[in-house]
Amino acid sequence: MTLTISTPLYYVNDKPHLGSTYTTIACDAIARYYRLEGERVLFITGVDEHGQKIQQTAQLKNINPKEHCDLVVTQYLELWKLLDIKFDRFIRTTSSKHKKFVETFYKKVKESGDIKQGKQQGWYCVGCEEYKDIPKTSEAPICAIHQKKLEWRDEDNLFFCLSNYQEQIMALVQDNSFIRPSTRRNEIINFVSSGLRDFSISRQNVDWAITVPDDNSQTLYVWFDALLGYLSALYPDENNIDLASLDNLGWPAHLHVIGKDILRFHAVYWPAMLLSAGLKLPKQVFGHGFLTREGQKMGKSLGNVLDPKDLLMKYDRDSIRWYLLSDIKFGSDGDFQESRFIDLINNDLANTIGNLLNRTSTMSRKWFNNKIPLIEKDNPDESIISEYTSNIITIVKQAYLNYDFKLVCESIIKLASQANTYLNDNQPWTKVKQSDNLSDVSSIIYNVLETSRIIGFLLLPIIPDIGSKIIYQLGYKEIPNTWNEELSWGVLQPGANLPKPYPVINKLERE
RNA sequence: GUCAGUGUAGCUCAGCUGGUUAGAGCACAGCAUUCAUAACGCUGAGGUCGAGAGUUCAAGUCUCUCCACUGACACCA
């Protein structure tokens, strides 16, 4: 069975920002975890390219919308490459595959009787490009943001009959495995229990969008179009687009990872659309938090937006991944603080983990002829460290399953600290001076090499580069695709060659 | 405005159904040490748990009031 995991399809109004980077890194870690577990994973990401805003942005730049989209898409792909994001599908909503699918899907929903004519009425601000929630009866209301008069709009649109799915959606959002983290579930339940209203899925004056199949005077509203990207992404190409084959292509999705701001679309509208089309529902929707920077909201007006590309110029990708995944509880909001960033990288990655490997490998090579020591007898202390390690493995695996990356990282650090303490307690550098203790020394070193090896594997989903470096430095010629056989004690071959160690990460200087 | 959530050491946060001297990591101080990336290890200092009142033998943990911040309250993604 395929595990399908998705990021949102990012809106290409602007270049990628730290938020989408964060989401994508988290998804990548999840995908890597499942792959190591031996699962067949389909990791979907992509972009949402339609809508009036994009049309307008392109106009401002004096290029056509497609050119604009192509440009931004290039930036996304480049960033994901720099971050070594191992996605399987990248879906563009302007692709012909997607268009074909949207038409197919629309027809099916229409056959189900869930599309009707309606009127979209309301006070509309041209500046905001949105309808304001202001009573019909108000006279000459003014937009609070733009201080301009609002227009009364009364537009014939197609509506999706969301209200037909009130009970089913209610049951879905109350199921405590669907919306994660659970703290966000209540909001959605409140929303649903206030009564679902039908929503419009078409627009009359937006050209940069997919045309409604049976009414070329209108185009489909971006959300209706964008959500369908999760499905169109599954098809290998634009041939044989039919709903029945989705079952074999990886649907239903195992997990949609999204920002908390778009939870409602994914937990309410999207499932209803799927129900209407007779398709299965995704298993989980995870709404993560937002990032601030040095305690402040990031925004253009403040001029404090942190560009992921700039970050990558200064720091390597694993440092960024480690910071985002280890310091911020996945699901909660987080604050990006550069001094903390530097502290964490230096302490966790360089001092605790990197130095552990380095000191152990050096000892082993120095005293055992550049090899992993031969174990001559059982070390009575072995069980202490090996049992500790095995407990950590259990905790880490469970934490990965819960998408609790913070706990994953914390537990791995604990293991590394434990190994450092074990070395200090046993002092192999003292024992080695007395030749009759050599067999003790070999066991001690072997135990810590083993621990380091397991640390390397456990780190792979979070920081693949550093995890791999650790594993290579222990003599592996290649990184195994799955980890279940590796996550047991005693895999390192005594007597095998140990390459010369080098720092898995360099320390960062504080400015 | 209505509803929900948050407010615990300098910083980021744990503290389940109320119960001995309130915890962790980072930062800080001291000790120790050289196998190692001036790293590791050990010890310590640090909090009237947002404010006030109440229930209780006992409250960070329950109730009420207040203060501050955040989010949701339908078509901006």
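Protein chains get the first letters and strands the later ones, always in sequence-line order, with residue 1 at the start of each. Please read all numbers here as calculations on a predicted model, not as lab measurements.
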For A/Tyr403, does the six-membered ring have the charged nitrogen or CZ of A/Arg180 within the cation-pi criterion, i.e. under 6.0 angstrom from the centroid and within 45° of the normal?
no
Taking [atom1] in [X] as the centre, count heavy atoms belonging to other residues, nucleotides or ligands within less than 6.0 Å. Is the count above 12?
X        : atom1 : result
A/Lys371 : NZ    : yes
A/Lys431 : NZ    : yes
A/Glu167 : CD    : no

Side chain of A/Tyr269, base of B/A74: donor and acceptor closer than 3.5 Å?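 Indeed there is one.
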- Message: Between the base of B/A74 and the side chain of A/Arg264, is one N or O donor paired with an acceptor at under 3.5 angstrom?
- Response: no
Check nucleotides 22-30 of chain B against the protein and report each pair of N or O atoms closer than 3.5 Å, with its distance, or say if there are none.
from	atom 1	to	atom 2	distance (Å)
B/G25	N2	A/Arg340	NH1	3.2
B/C26	O3'	A/Asn347	ND2	2.7
B/C26	O2'	A/Asp343	OD2	3.4
B/A27	OP1	A/Asn347	ND2	3.2

Exercise. Determine, step by step, whether A/Glu187 and A/Lys260 satisfy the salt bridge (charged side-chain N to carboxylate O under 4.0 Å, His left out) criterion, reporting the C-alpha distance in whole Å, the side-chain angles of both residues, the deciding distance to 0.1 Å, and the verdict.
Key: CA-CA 11 Å; A/Glu187 257 167 39; A/Lys260 61 180 181 179; over 6 Å; no
RNA chain B nearest-nucleotide lookup for A/Asp48 and A/Ala416: closer to the 5′ end is A/Ala416
(request) With RNA chain B as reference, determine whether A/Asp261 or A/Phe191 sits nearer its 5' end, using the nearest nucleotide of each. (result)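 In this pair, the answer is A/Phe191.
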For nucleotides 31-39 of chain B, 5' to 3', base contacts (B), sugar-phosphate-only contacts (S) and non-contacts (-) with protein non-hydrogen atoms under 4.0 Å give ----BBB-S
**Q.** Carboxylate-amine/guanidinium contact A/Lys66 A/Asp70, below 4.0 Å
**A.**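 So A/Lys66 pairs with A/Asp70 through a salt bridge.
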Is it true that A/Lys119 and A/Asp156 make a salt bridge, defined as a side-chain N closer than 4.0 Å to a carboxylate O?
->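 A salt bridge is present here (some side-chain N lies under 4.0 Å from a carboxylate O).
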RNA chain B in dot-bracket form (Watson-Crick or G-U pairs under 3.5 Å, [ ] crossing, | inter-strand) is (((((((..((((.....[...)))).((((.........)))).....(((((..]....))))))))))))....
Query - Distance, C1' atom - from B/G1 to B/U48, rounded to whole angstrom - result: 36 Å
Next item on the list: Between B/G7 and B/C16, how far apart are the P atoms? Round to whole Å, please.
Entry: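 Looking at atom P only, B/C16 and B/G7 are 11 Å apart.
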*Syn or anti for B/G54 (syn when the glycosidic angle lies within 90° of 0)*: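 The base of B/G54 is oriented anti (glycosidic angle more than 90° from 0).
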Exercise for the section: Verify the ring-centre separation between A/Tyr315 and A/Tyr323: is it less than 6.0 angstrom? Expected result: no
